[in-house]
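In what follows, a structure is listed as structure tokens, so that the remarks can point back to it.
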Amino acid sequence: MNVLVTGGTGYIGSHTCLQMLEMGYTPVLLDNFSNSKASVLDRIEEVSGTRPVLITGDILDKNLLVETMKRYGISAVIHFAGLKSVGESVSEPLKYYSNNVSGTLCLVEAMSECNIKTLIFSSSATVYGDPSTVPINEGFPTSATNPYGRSKLMVEECLNDFYKANPDWSITLLRYFNPVGAHPSGKLGEDPNGIPNNLMPFISQVAVGKRECLNVFGGDYPTPDGTGVRDYIHVMDLARGHIAALNKVGHSKGIHIYNLGTGRGSSVLEMIEAFEKASNKKVAYKMVDRRPGDVAECWADPQKAQKELGWYAQLEVEQMAIDTWRWQSNNPNGYHD
Ligand code: WQD
């Protein structure tokens with residue numbers, strides 16, 4: 001089955017592409033390299049022995065999408081392409097609504113024109129806003145606390161309305177918790193542009209000597225050690241979740257919503273400790289004020305995905321740290337341009 005993977009050279013897209021190749025799918029990647037590098041293709045080929053087709057372009061270019069879908073006989077789409085920095089979305093909201101919302105609408109229009117009716121959308125736990133309790137299940141109320149989260153929520157609502165008017169589609173919304181880790185080969189990993197917004201890449205850049213010191217955003221949360229608690233999920237488990245979705249619901253009409261998380265929470269200090277153990281390096285940090293918009297705790301109830309997709313996260317935080325360190329220490333400056 002030929003599957004269009006938008007944002008396919010990105011962190012989660014590239015790892016999912018490897019899983020797809022392993023499971024006999026044919027990924028066709030489309031990317032504008034706004035937060036990735038084409039050299040990841042060399043790594044995919046090195047690890048899998050296959051070099052997938054890569055189309056350079058933007059999901060807002062509808063003609064390119066239609067031409068690509070027809071040319072490669074696409075049967076389904078996994079849609080990763082999107083901007084994902086909470087901080088940047090506050091300073092540049094229109095950029096987020098244009099790329100994430102208009103971009104998705106353009107993609108769905110192109111799919112309609114090509115009679116492709118299977119879509120898996122990369123959503124996020126951020127659509128749960130500040131949850132009243134944890135763990136979080138798919139029936140929890142949704143809300144947004146920043147333009148990035150609002151763009152994800154808007155896309156989910158657009159897709160819900162679209163499905164009601166087009167009930168012969170299969171649309172799956174995968175709500176990621178906190179993706180971390182790297183392919184065990186050490187050849188692929190997270191390589192964010194500029195200063196990392198997220199915890200794990202920042203920790204690993206401190207450990208490898210690229211950054212001086214980690215700022216721990218808040219030590220006074222109502223959590224066991226006072227620092228924020230999140231559901232960190234290994235990117236390889238996340239990739240497997242996409243294959244499970246493709247296999248299970250790719251052909252069954254409806255809107256399918258799943259949390260992709262481990263169901264376990266880890267604090268910032270626990271992640272630092274796991275990383276120091278994995279890397280045998282000291283991670284310098286200092287306690288600073290809370291980051292605006294952060295919540296104290298957020299972790300998943302992943303039972304629905306386990307029951308309906310037969311999927312559950314298998315890798316623990318220790319493995320996430322080990323695999324991240326192997327990637328970071330082998331690639332101190334990430335992928336080359
Ligand atoms: C995790 C914890 C921080 C950086 C966001 C998005 C979510 C998804 C993942 C895209 C928190 C603390 C972090 C640092 C720190 N993005 N932290 N120092 O905020 O849970 O989720 O990224 O899909 O949609 O909302 O992830 O990694 O930024 O933060 O202390 O330099 O680490 O306070 O407790 P977050 P994060």
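By convention here, the first residue in the shown sequence is residue 1. Just the heavy atoms: all of them, side chains too, but no hydrogens, waters or symmetry mates, feed the values below. Counting starts at 1 for both ligands and their atoms, in listed order.
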Q) Can any side-chain N or O of R290 pair as donor or acceptor with the backbone N or O of D220 at less than 3.5 Å? A) yes

Q. Which atoms from ligand 1 have a heavy atom of V216 less than 4.0 Å away?
A. 30 (O)

Q. Any ring-ring contact (aromatic ring centres under 6.0 Å, His included) pairs touching residues 256-285, not counting sequence neighbours?
A. F275-W325

Q. Taking it one step at a time, do R326 and N330 satisfy side-chain contact (heavy atoms from CB on, under 4.5 Å)?
A. CA-CA 6 Å; R326 187 181 303 109; N330 291 345; 3.6 Å; yes

Q | Location of contacts on L214 toward ligand 1, heavy atoms closer than 4.0 Å | A | side chain

Q.
Looking only at the aromatic ring of each residue, does the gap between the centers of H15 and F80 stay below 6.0 angstrom?
A. no

Q) In Å, rounded to the nearest 0.5 Å, how long is the span from CG of N166 to NZ of K253? A) 12.0 Å

Q. In the protein, what heavy atom is nearest to atom 3 (C) of ligand 1, and what distance, to one decimal place, separates them?
A. D294 OD2, 3.4 Å

Q | Nearest-contact summary for atom 28 (O) of ligand 1 - protein heavy atom, Å | A | R291 NH2, 2.8 Å

Q | Nitrogen or oxygen of V86 less than 3.5 angstrom from that of ligand 1 | A | no

Q: Taking N2 for its side chain and Y72 for its backbone only, find out whether a donor-acceptor pair lies under 3.5 Å.
A: yes

Q.
Please determine whether any non-hydrogen atom of Y148 lies less than 4.0 Å from an atom of ligand 1.
A. yes

Q | Centroid-centroid under 6.0 Å between W327 and Y335 rings | A | yes

Q. At a non-hydrogen distance cut-off of under 4.0 Å, which region of Y232 contacts ligand 1 (side chain, backbone, both, or neither)?
A. side chain

Q. Counting from 1, what ligand 1 atoms have a heavy atom of N197 closer than 4.0 Å?
A. 4 (C), 28 (O)

Q: May I ask you to decide if L60's main-chain N or O and D58's side chain share a donor-acceptor pair within less than 3.5 Å?
A: yes

Q) Are any of the N or O atoms of S124 closer than 3.5 Å to those of ligand 1? A) yes

Q.
Below the 3.5 angstrom mark, is there an N/O of L199, backbone or side chain, next to an N/O of ligand 1?
A. yes

(Q) Give me the residue, atom name and distance of the protein heavy atom closest to atom 20 (O) of ligand 1. (A) R230 NE, 2.7 Å

Q: Note the single closest protein heavy atom to atom 26 (O) of ligand 1, along with its residue, its atom name and the distance in Å.
A: N178 ND2, 3.1 Å

Q. Hey, is CD on E273 packed in by over 12 heavy atoms from elsewhere, all under 6.0 Å?
A. no

Q. What is the closest protein heavy atom to atom 12 (C) of ligand 1, and at what distance does it sit?
A. V268 CG2, 3.8 Å

(Q) Test of understanding: given a 4.0 Å heavy-atom threshold, classify the contact between M271 and ligand 1 as side chain, backbone, both, or neither. (A) neither

Q: Using a 4.0 Å heavy-atom cut-off, say whether N215 meets ligand 1 through its side chain, its backbone, both or neither.
A: backbone

Q.
Considering non-hydrogen atoms of the protein only, which is the closest contact for atom 30 (O) of ligand 1, and what is the distance?
A. F217 N, 2.9 Å

Q | Parallel, tilted or perpendicular: ring planes of W169 versus F162, cut at 30 and 60 degrees | A | perpendicular

Q. Counting only heavy atoms, which portion of N198 has something under 4.0 Å from ligand 1: side chain, backbone, both, or neither?
A. both

**Q.** Pair D231-R264, salt bridge (Lys or Arg N to Asp or Glu O under 4.0 Å): steps then yes or no
**A.** CA-CA 6 Å; D231 185 332; R264 293 180 297 283; over 6 Å; no

